[in-house]
Amino acid sequence: MKIGIVCYPTFGGSGVVATELGLELSKRGHEIHFITYNQPVRLELISNNVHYHEVNVPEYPLFHYQPYELALSSKLVDMVKLHKIEILHVHYAIPHAYAAYMAKKMLLENDIYVPIVTTLHGTDITLVGSHPFYRPAVTFSINKSDAVTAVSQSLKDDTLRLFNIENDIHVVPNFIDLDKYHEGFEGCRRGMLAQDHEKIITHISNLRAVKRVQDVIKVFYNIQKVMPAKLMLVGEGPEREHIEMQCQELGIMDKVIFFGKSNEIDKILSYSDLFILPSESESFGLAALEAMASGTPVISSNTGGLPEVNIQGVSGYLSDVGDIEDMTKNAIHILSDDNRLRSFKDNARKESLKFDLHKIVPQYEAIYQDTLAKCVVS
Ligand code: GMT
């Protein structure tokens, strides 16, 4: 199949999933066209089956806001015509599903029918999309998609609750390349992160308020009072300054390493003893899955899709949002006994196998095939 993929090219989970999906589909023989405003961060263009087309939005002083949707829909029209793209898979409803619908309508004028698969990732529904300013356009775009997927049952339920949806929603969870994530890495020493007797605690996110990184710091502060530990904070975002101030106030600056945006999260996770994800809302929690695949147990909140990923008492523990005491108790329980830590690590890896990309990517392929078949019939 010739598949066009539209996504955010950033470190965010939706862009990562879209990129990894495209790369795996290309290995399975499909021709993939990424269409976005920057080359996606995890995209390696070393296959003749993978193409990247940049959407340019020329600056014009009359426009208070530059019209990205307009440029994207025009680019989609041109790329579908030029490369004979058969199906468009758009990741994140806003504004991608909306722009794809406009492209589809323009292409129909030329008797070209290109169906749209929309994948809902989370904040496009729970935080941004359900805002009254956007809700009508998001509802319309979801209902006009030829197929809709959500990354967890919880996100599907939220979508049905928040919008008036007439379409079926297929649950296709996030997935992981198990060969890329594992414990320990040759040529990379744990000693570069912490001393042997120190436990390594990690958090990875875009440091937005929804991630509640302040809770990570509070839990870590409690842990390091009881045992030697270091905290790895990976990612950049608006909360970074607050977090630095919080660490300073608590006197733990020397125990926290700020990595910023890193392309080496597989290595950092492979040496981690515990991953903390206390989010306010989380449709799936790809970072938690990446941690589990690296053999790192997870302390998380019990919000959204997290209970579908992190299994209570098996791969880690889940607590109510903001319950620092419970998170601390659970973290210390896992870390304070080496045999127990070993069994949580093994279980975390085992639980991650459910999300093996070889199991999940065929589900997207089946959706493309069904969608194309339906379009031929109708
Ligand atoms: O978590 C973020 O802030 C990034 C966000 C995104 O849109 O890129 O991630 C969302 O999509 C990921 C991939 O499907 C999910 O694993 C994350 O749970 C989800 N984030 C939230 O729901 C907050």
Side-chain angles (χ1 to χ4, degrees), residues 5-22 36-38 40-43 89-97 117-131 134 138 148-159 161-162 169-177 181 203-213 215-216 233-240 261 265 269 275-293 298 300-310 318 321 352 354-355 357 360-361 363-364:
I5 294 186
V6 180
C7 63
Y8 284 106
T10 56
F11 277 90
S14 64
V16 170
V17 168
T19 309
E20 303 282 0
L21 173 64
T36 180
Y37 59 85
N38 260 329
V41 283
R42 290 210 192 165
L43 181 58
H89 187 174
V90 299
H91 291 260
Y92 212 88
I94 307 167
H96 300 151
V117 177
T118 297
T119 290
L120 310 173
H121 279 275
T123 46
D124 47 351
I125 296 302
T126 52
L127 289 187
V128 193
S130 57
H131 192 283
Y134 294 120
V138 173
V148 182
T149 77
V151 298
S152 62
Q153 182 61 43
S154 151
L155 182 60
K156 174 177 174 173
D157 296 343
D158 282 344
T159 310
R161 184 172 48 81
L162 293 166
I169 300 180
H170 308 265
V171 175
V172 183
N174 286 178
F175 54 85
I176 188 103
D177 182 347
Y181 292 86
H203 170 80
I204 302 174
S205 77
N206 46 21
L207 309 190
R208 283 187 297 147
V210 68
K211 301 293 175 181
R212 295 185 68 101
V213 191
D215 290 1
V216 176
L233 273 184
V234 186
E236 268 309 332
E239 293 298 306
R240 165 115 188 213
K261 291 177 184 168
I265 58 166
L269 285 172
F275 186 78
I276 307 184
L277 194 63
S279 310
E280 182 87 39
S281 113
E282 197 69 64
S283 68
F284 182 91
L286 180 61
L289 175 59
E290 290 174 335
M292 286 162 56
V298 174
S300 72
S301 55
N302 53 14
T303 189
L306 281 169
E308 296 171 49
V309 186
N310 184 21
L318 302 96
V321 172
S352 76
K354 285 195 254 176
F355 303 100
L357 95 169
I360 310 294
V361 172
Q363 296 180 28
Y364 280 118

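Whatever order the structure lists them in is the order used to number ligands and atoms, beginning at 1. What you are looking at is a predicted structure, and each value in this text was computed from that prediction instead of being measured. Basis for what follows: all heavy atoms, side chains included, without hydrogens, waters or symmetry-related copies.
Contacts of Asn206 with ligand 1, taken as heavy-atom pairs under 4.0 Å, involve the side chain alone.
In terms of protein heavy-atom proximity, atom 21 (C) of ligand 1 is nearest to Glu282 OE2, 3.4 Å. At the shortest separation from atom 10 (C) of ligand 1 among protein heavy atoms lies His121 O, 3.4 Å. Nearest protein heavy-atom neighbour of atom 16 (O) of ligand 1: Asn174 OD1, 2.7 Å. Ranking protein heavy atoms by distance to atom 8 (O) of ligand 1, first place goes to Ser14 N, 2.7 Å. With respect to atom 1 (O) of ligand 1, the closest heavy atom belonging to the protein is Lys211 NZ, 2.6 Å.
For the side chain to side chain contact (heavy atoms under 4.5 Å, CB included) test with Phe284, the passing option among Leu306, Leu155, Asn174 is Asn174; the others fail.
Proximity to Arg208 (heavy-atom distance under 4.0 Å) selects the following atoms of ligand 1: 2 (C), 3 (O), 4 (C). Remark: ligand 1 atoms within the under-4.0 Å shell around heavy atoms of Val151 are 14 (O). Residue Ser283 has at least one heavy-atom neighbour below 4.0 Å for each of these atoms of ligand 1: 15 (C), 17 (C), 18 (O), 19 (C), 21 (C), 22 (O). Each of the atoms 7 (O) of ligand 1 lies under 4.0 Å from some heavy atom of Tyr92. Close approach of ligand 1 to Ser281 is summarised as follows: ligand atoms under 4.0 Å from at least one heavy atom of the residue are 23 (C). Residue Leu286 has at least one heavy-atom neighbour below 4.0 Å for each of these atoms of ligand 1: 16 (O).
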- Task: Take Arg212 and Ser279, measure what side chain to side chain contact (heavy atoms under 4.5 Å, CB included) needs, and give me the verdict at the end.
- Result: CA-CA 5 Å; Arg212 295 185 68 101; Ser279 310; over 6 Å; no

- Query: Can Leu286 and Val17 be said to form a side chain to side chain contact (heavy atoms under 4.5 Å, CB included), step by step?
  - Reply: CA-CA 9 Å; Leu286 180 61; Val17 168; 3.9 Å; yes

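Under a 3.5 Å cut-off, the side chain of Asp124 and the backbone N or O of Ala93 do form a donor-acceptor pair. For the pair Lys156 (side chain) and Ala150 (backbone), a donor-acceptor distance under 3.5 Å is absent.
Aromatic ring pairs are classed by plane angle as parallel below 30°, tilted from 30° to 60° and perpendicular above 60°; the pair Tyr92 and Tyr8 is perpendicular. Between Phe275 and His203, the ring-plane angle classifies as parallel under the 30° and 60° cut-offs.
Donor-acceptor pairing under 3.5 Å is recorded for the side chains of Thr119 and His89.
Minimum heavy-atom separation, Thr36 to Asn38: CG2-O, 3.0 Å.
For atom 4 (C) of ligand 1, the nearest non-hydrogen atom from the set Ala287, Ala150, Gly122, Gly13 comes from Gly13.
Under the 4.0 angstrom criterion for non-hydrogen atoms, Val210 is not in contact with ligand 1.
Annotation: Val17 places no N or O atom under 3.5 Å from an N or O atom of ligand 1; distance criterion only. Taking distance alone, with nitrogen or oxygen atoms compared against 3.5 Å, Gly285 approaches ligand 1 more closely than that limit.
If you take CG on Leu289 and CD on Glu308, they are separated by 12.5 Å, rounding to the nearest 0.5 Å.
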